[in-house]
2 protein chains.
Amino acid sequence: MDYTNLSKQLKAISDPNRLKIIDLLSCGTMCACDILEHFEFTQPTLSHHMRILQDAKVVDAEKVGKWQHYTLSQSFEESFPLNIANLLANDENCICHCKNANKKEDLIYEKS
Amino acid sequence: MDYTNLSKQLKAISDPNRLKIIDLLSCGTMCACDILEHFEFTQPTLSHHMRILQDAKVVDAEKVGKWQHYTLSQSFEESFPLNIANLLANDENCICHCKNANKKEDLIYEKS
DNA sequence: ATTTCACATAGACAACCCTCTATATTTAAA
DNA sequence: TTTAAATATAGAGGGTTGTCTATGTGAAAT
C-alpha cells in the first residue's frame, strides 16, 4: 500500500469546501463560475481549490472557450473507494500479516 | 451530507503515518508499544497521532494495565466507506440534484 | 481596437500541523 | 518503597493550509 500517494489524495479532499465541490461534480461536468455560485468565498480561492484537486488527480479540467470545465477523474472515482476498502480490509495486503496483532499476554495464543 | 464531519475524519487519516497505523489496526487490536515498533518517530509523536485518531472517532482506546489497546472503531469501519461511496454517487443525495450540471450552451438540454 | 468576462497567479497573513526534547503520570515489578 | 516500564502532556520550531486583495492573461463581444 502506497501511504504517501493515498495521503495526498486524502489531503486534497479533506476540506469541507472541496468535499462540496466533489459532491457537485458527482452529478457531472461543471464550469468554475457555476461551482462558485454555491460558495461564499472569492474566485481566487476557488481557483486555488481546483488546482489542489487537479494536482491530486481528483479532478480533470478542460478549457472550452472562456470556460474551464471540471470533471471528476475516472481513475479517482474508480480507484479511490477501492484503496479505502483495501486499507480497512484484514487481508493478505495487510502490512502486519496479523503477526503483531492480538499478541499481548492477556490474549490467547495459537498453538505453534 | 455533513461535509464538516467527513472532513474531520479525512483530515485525521490523511497523514501517511496515520494511514499506516490504520492499516496495522485493520488486523486487530494493538498496543502503543507494538505500533511504535513500525515507525522511526518518537513515542510522544505516536501519542499525538493516536489522540488525533481518537478525537476523530477513527480509533477506540482501552487501557489494560500499563498498556493502551487501540482498535479501529466499528462506526468508522462501517460508515466511512459508505460516506465515500455516497459522496461519489450521482443519486438523490447529490447536492445539486443535477440541476446545475451540464447546463452550458455547448451541451444538449433534455426536453422540458 | 477596446472592453468585458472567466479564470489564474502573486504575495501576505493567521491558523494549524508534525515533530522534537523535556518532563509528568500511572501501573507493575523488585 | 523504590525502580522501571508504558504512555501522556507541555512547549517550541519550522512547515503547510485556507483565505484574502491586487493584478495578470486569454478569449469573446462590441
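Below, read A as the first sequence line, B as the second, and so on, with proteins coming before strands; counting in each chain starts at 1. Here the structure is a predicted model, which means the values were calculated and not measured.
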**Prompt:** Which distance, rounded to the nearest 0.5 Å, do you find between the CG of A:L19 and the OG of A:S14?
**Reply:**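 Between A:L19 CG and A:S14 OG, I get 7.5 Å after rounding to 0.5 Å.
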**Item:** Separation of B:D60 CG from B:E62 CD (nearest 0.5 Å)
**Value:** 9.5 Å
Kindly indicate whether the side chain of [X], heavy atoms from C-beta on, has any atom under 4.5 Å from the side chain of [Y].
X: B:L88; Y: A:P81; value: yes
X: A:I13; Y: B:L10; value: yes
X: A:L6; Y: A:F80; value: yes

**Message:** Evaluate B:Q68 against B:C31 for side-chain contact (heavy atoms from CB on, under 4.5 Å), listing each step before the verdict.
**Reply:** CA-CA 5 Å; B:Q68 274 286 12; B:C31 75; 5.9 Å; no
Between [N] atom [atom2] and [X] atom [atom1], what is the distance in whole Å?
X: B:D15; N: D:dT16; atom1: CG; atom2: C1'; result: 12 Å
X: A:M50; N: D:dT17; atom1: CE; atom2: P; result: 17 Å
X: B:L36; N: D:dA6; atom1: CG; atom2: C1'; result: 11 Å
X: A:E40; N: D:dC20; atom1: CD; atom2: P; result: 10 Å
X: B:K11; N: D:dT16; atom1: NZ; atom2: P; result: 15 Å
X: A:L53; N: D:dG18; atom1: CG; atom2: C1'; result: 13 Å

**Prompt:** Base, sugar-phosphate, or nothing: which does A:F39 touch, judged by heavy atoms less than 4.0 Å apart?
**Reply:**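 No contact at all - A:F39 keeps every heavy atom at 4.0 Å or more from the nucleic acid.
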**Asked** Where does the chain A footprint on DNA chain C start and end, counting 5' to 3' with a 4.0 Å heavy-atom cut-off?
**Response**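 Both ends considered, the range comes out as C:dC5 to C:dT9.
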**Base versus backbone protein contacts along nucleotides 25-30 of chain D [heavy-atom cut-off under 4.0 Å; B, S, -]** = --SS--
**Prompt:** Does D:dT7 have OP1 or OP2 sitting under 4.0 Å from an N or O in the side chain of B:R51?
**Reply:**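 So the side chain of B:R51 is outside the cut-off, no N or O lying under 4.0 Å from OP1 or OP2 of D:dT7.
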**Prompt:** Where along residues 41-49 of chain B does a heavy atom fall under 4.0 Å from DNA chain D?
**Reply:**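 Those residues whose heavy atoms fall under 4.0 Å from DNA chain D, taken from residues 41-49 of chain B in numerical order, are B:Q43, B:P44, B:S47.
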Go through the structure and list residues passing side-chain contact (heavy atoms from CB on, under 4.5 Å) with [X], not counting sequence neighbours.
X: A:P16; result: B:Y3, B:S7
X: A:I35; result: A:I21, A:L24, A:L25, A:M30, A:F39, A:L46, A:M50, A:Y70
X: B:T45; result: B:F41, B:T42, B:H49

